[in-house]
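When reading the values below, keep in mind they use all heavy atoms of this one structure, side chains included, and skip hydrogens, waters and symmetry mates. We name chains A, B, ... by the order of the sequence lines, and we start the count at 1 in each one.
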There are 2 protein chains.
Amino acid sequence: MAIDKSLLTGSTSMLILKLLDGTDMYGYQMIEELRKKSNNAFDLKAGTLYPLLHTLEQKNMLTSYEEVADNARVRKYYSITKHGRQQLKEKKEEWKVYTAAVNDVLGGASFATA
Amino acid sequence: MAIDKSLLTGSTSMLILKLLDGTDMYGYQMIEELRKKSNNAFDLKAGTLYPLLHTLEQKNMLTSYEEVADNARVRKYYSITKHGRQQLKEKKEEWKVYTAAVNDVLGGASFATA
DNA sequence: TTATCATATATAGATTATCTACATATGGAG
DNA sequence: CTCCATATGTAGATAATCTATATATGATAA
């Protein structure tokens with residue numbers, strides 16, 4: 001449905017951390033999962049994701065390891081760290097405060113329970 | 001409370017249009033109103049707002065006029081146009097889709113009624 | 001009176017998070 | 001054997017903020 005991309009700024013890393021909070025995943029898989037879970041609202045680009053994963057790893061929010069899949073293809077899996085989980089928690093709090101503030105201005109109520 | 005500024009990207013123009021949907025306002029006033037209505041979550045910078053107002057005027061979403069206040073100070077008031085109202089409506093729709101999608105990924109429900 | 005603060009608008013340059021475009025490589029399907 | 005989906009990656013462009021700076025007036029305090 002192609003939503004305004006500028007609205008996405010800043011929340012992508014939170015969404016990635018959230019995905020990895022459930023299970024280890026590789027990049028390509030994250031793109032698919034994000035699209036699926038958001039009902040096609042998100043279509044994260046590979047050119048956005050991979051550099052972001054590298055950054056998150058540098059910041060010790062993620063660690064990575066390579067694994068050979070059934071089809072002999074090598075995939076790079078990412079795992080969330082303790083620090084990453086902490087950051088996720090903080091980002092979720094910020095997200096709640098932010099959306100509540102926007103909804104206050106828009107005149108509607110906010111009941112996000114995430 | 002100083003929320004993560006990167007989360008604000010893209011929604012500022014929507015908030016400005018919403019403010020002006022109620023009544024004409026001048027720049028400095030918008031900054032104050034936004035802070036008040038968001039319970040201090042938003043502290044929009046003058047260096048962000050004024051260029052944005054100029055852009056919105058160029059895009060025919062706003063018109064402006066000068067008015068002399070009681071204290072003889074000249075203020076530049078902005079008024080939302082029909083086109084601006086239309087854009088506001090669209091942006092609000094996008095905002096709902098976007099926050100719903102994020103909340104879907106975060107695993108919480110979204111009930112914004114704005 | 002004079003210094004300082006709040007009000008009021010504005011521009012320049014830096015920063016950051018996206019994007020598009022390109023590059024590379026493999027497995028599977030036709 | 002060719003093309004598409006899978007899979008990861010970098011370079012450069014774009015867009016929306018920010019900080020810093022500039023200018024000017026009215027109000028207030030020393």
Side-chain angles (χ1 to χ4, degrees), chain A residues 2-17 24-36 41-59 61-62 64-78 91 94-95 98 102, chain B residues 2-17 24-36 41-59 61-62 64-78 91 94-95 98 102:
Chain A
I3 66 169
D4 182 0
K5 275 140 193 162
S6 66
L7 284 174
L8 285 111
T9 314
S11 58
T12 305
S13 59
M14 172 177 71
L15 298 176
I16 296 304
L17 290 172
D24 292 1
M25 293 177 76
Y26 55 97
Y28 197 88
Q29 187 184 8
M30 295 177 207
I31 293 173
E32 290 185 311
E33 277 295 308
L34 215 45
R35 182 166 43 223
K36 211 181 299 172
F42 296 144
D43 182 26
L44 187 60
K45 306 304 177 199
T48 304
L49 178 63
Y50 292 111
L52 176 58
L53 289 174
H54 304 158
T55 303
L56 292 175
E57 189 169 20
Q58 275 171 41
K59 290 181 180 170
M61 298 190 212
L62 305 179
S64 66
Y65 55 93
E66 299 205 330
E67 214 172 77
V68 182
D70 292 342
N71 51 15
R73 186 188 288 274
V74 178
R75 289 167 177 164
K76 191 167 175 185
Y77 281 83
Y78 286 89
K91 277 170 179 290
E94 282 168 7
W95 170 252
Y98 173 56
V102 171
Chain B
I3 66 168
D4 182 1
K5 276 143 193 159
S6 67
L7 284 174
L8 284 110
T9 314
S11 58
T12 305
S13 59
M14 172 179 69
L15 297 177
I16 295 304
L17 290 172
D24 292 0
M25 292 177 76
Y26 55 97
Y28 197 88
Q29 187 185 8
M30 295 176 207
I31 294 173
E32 290 185 312
E33 276 297 307
L34 213 47
R35 184 167 41 223
K36 210 181 300 173
F42 295 145
D43 182 26
L44 188 60
K45 306 303 178 200
T48 304
L49 178 63
Y50 292 111
L52 177 58
L53 289 172
H54 303 159
T55 303
L56 293 175
E57 189 169 21
Q58 274 170 41
K59 290 181 179 168
M61 297 190 213
L62 304 180
S64 67
Y65 55 92
E66 300 205 331
E67 215 172 77
V68 182
D70 292 342
N71 52 14
R73 187 188 288 272
V74 177
R75 289 165 176 165
K76 193 167 175 185
Y77 280 83
Y78 286 88
K91 278 170 180 288
E94 283 168 8
W95 170 252
Y98 173 55
V102 171

d(B:L34 CG, B:L49 CG) to nearest 0.5 Å is 8.5 Å
To the nearest angstrom, the CD-P distance between A:Q29 and D:dT6 comes to 12 Å
Separation of C:dA10 atom P from B:Y28 atom OH, nearest Å, is 15 Å
Geometric class of the A:Y77/A:Y65 ring pair [parallel <30°, tilted 30-60°, perpendicular >60°]: parallel
When rounded to whole Å, the CG to C1' distance for the pair B:L44 and D:dT19 reads 14 Å
Picking from D:dT17, D:dT10, C:dT20, the nucleotide nearest the side-chain atoms of A:K45 would be C:dT20
| request: Establish, with yes or no, whether the OP1 or OP2 oxygen of D:dA7 is under 4.0 angstrom from a side-chain nitrogen or oxygen of A:Y26. | output: yes
Nearest heavy-atom contact between B:T48 and B:L44 is CG2-CD1, 3.8 Å
Query - Side-chain donor-acceptor pair present, B:Y26, B:S64, cut-off under 3.5 Å - result: no
B:D43 CG to D:dC18 C1', in whole Å, measures 12 Å
note: B:E66, atom CD; C:dA10, atom P; distance rounded to Å ~ 8 Å
Problem - Residue-phosphate contact under 4.0 Å: A:T12 side-chain N/O, C:dT18 OP1/OP2 - result: yes
Here the gap from A:M61 atom CE to A:L53 atom CG, rounded to the nearest 0.5 Å, amounts to 12.0 Å
Whole-Å distance, A:Y50 OH to D:dT6 P, equals 11 Å
B:Y78 atom OH is separated from C:dA8 atom P, nearest whole Å, by 14 Å
Closest heavy-atom pair, A:M14 versus A:K91, reported as atoms and distance to 0.1 Å, is SD-O, 3.6 Å
Discussion item. If you compare every side-chain N and O of A:H54 against the phosphate oxygens of D:dT8 (OP1, OP2), does one of them come in below 4.0 Å?
Written reply: no
Is A:K76 close enough to D:dG9 that one of its side-chain N or O atoms is under 4.0 Å from OP1 or OP2 there?
yes
By side-chain hydrogen bond (donor to acceptor under 3.5 Å, both in side chains), B:Q29 pairs with (sequence neighbours left out) none
Atom CE of A:M14 and atom C1' of C:dT16 are separated, to the nearest Å, by 17 Å
Per-nt protein contacts along nucleotides 21-30 of chain C (heavy atom under 4.0 Å; B base, S backbone sugar-phosphate only, - none) come out as B----BSS--
